[in-house]
Novice: 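Have a look at this one before I ask anything.
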Amino acid sequence: MSETATHVASGKVREIYALDDERLLLVTSDRISTFDVVLPTEIPDKGRVLTGLSAFWFAQTQSIVPNHLLALRADGRSTECRRLEMLPIECVVRGYLAGSGWKDYVASGEVCGHRLPAGLVESDRLPEPIFTPATKAQTGHDENIDRAAAIALVGESRYDEAERVTLDLYRYISERAAARGIILADTKLEFGVDETGKLVLADEAFTPDSSRFWPADEYKPGGPQPSFDKQFVRDYCESLGWGKTYPGPELPAQVVDGTRARYVEAFERLTEIPFDEYLADPEIVLG
Ligand code: Q0Z
């Protein structure tokens, strides 16, 4: 008899199902969001690019930290994972000043309690990467928190461990990405704890949906940077004068095709694996 899966949760672009008490199924769709709105048009294979990249990085970082991945299914968009007790914080690391980090810096000169040098401009590289945890908002936006607030949620030893591992992962992946012409400006990781109390990397990792990827050859601090993957979509939406509230606009074929090509290019540059080979045999990314 085939397995049955019970739907557990939905994200903007992903679904979680329970396979049994110990295992979850994460399915990544081809949906795309921009300005926090999911658009009515899908990007073919986007879910496979994100799933393949995440699985690739889980395999590449196993010696830094264990992860939740148990199996990558033949459809290229579904992964079986260990079910963990998730930490109630988002583990964010920033090497560059963008998004809410930039906003907080402008308002206070600090990000999550890290006092930064005066005179930085938007998208500047930071003197060193900083760990900037956030709460997990059920609806709306995650809130940046300082070390004390995060320790109140997870305890000091777990906080210190999550910070160290998050920074180690960022240093490793950002160096690999830089060698392929991609700046990893920042990224959000989620960790869980297994039945033995070990910290385990979970969710998705180092995908364009959980990270800011910037093309290094266009990097110019002093303003927002073009997104490696979503810039055609953003530019098209801006050209319409759309109010950035639901519902979003349909995308024309040329924007869909250009965006799909950017996702595939990110996959191929970062993994050095032809995307066709991933489609034929997803497990190729596991090395
Ligand atoms: C991840 C999320 C998604 C909506 C729960 N290994 C795990 N064990 C327990 N819980 C999770 C994981 Cl990955 C878990 N999320 C985030 C993912 C759709 C929300 F695909 N929620």
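If you're wondering where the values come from, they're calculated on a predicted model, not measured in any experiment. As the structure lists them, so they are numbered: ligands from 1, and atoms in each ligand from 1.
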Novice: Any carboxylate oxygen within less than 4.0 angstrom of a Lys/Arg side-chain nitrogen, looking at Asp142 and Lys136?
Specialist: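 Looking at Lys136 together with Asp142, the answer is no, because their closest N to O distance does not fall below 4.0 Å.
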Novice: Ion pair present between Asp209 and Lys46, side-chain N to carboxylate O less than 4.0 angstrom?
Specialist: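 Lys46 and Asp209: salt-bridged.
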Novice: Which heavy-atom pair separates Leu201 from Val65 by the least distance, and what is that distance?
Specialist: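 Smallest interatomic distance, heavy atoms only, reads CB-CG1, 4.0 Å.
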Novice: With sequence neighbours left out, which residue pairs that include part of residues 237-262 fulfil the ring-ring contact (aromatic ring centres under 6.0 Å, His included) condition?
Specialist: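 Sorted pair list comes back empty.
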Novice: Ion pair present between Arg23 and Asp20, side-chain N to carboxylate O less than 4.0 angstrom?
Specialist: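 Yes, charged N to carboxylate O under 4.0 Å.
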Novice: Taking the basic N atoms (NZ, or NE/NH1/NH2) and the acidic carboxylate oxygens, is any pair closer than 4.0 Å for Arg83 and Asp21?
Specialist: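 Between Asp21 and Arg83 there is no salt bridge, as every charged N stays at least 4.0 Å from the carboxylate O atoms.
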Novice: Can you name the residues that come within less than 4.0 Å of ligand 1, going by heavy atoms only?
Specialist: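 Ser10, Gly11, Arg14, Glu15, Ile16, Leu24, Leu26, His68, Arg82, Arg83, Leu84, Met86, Asp203.
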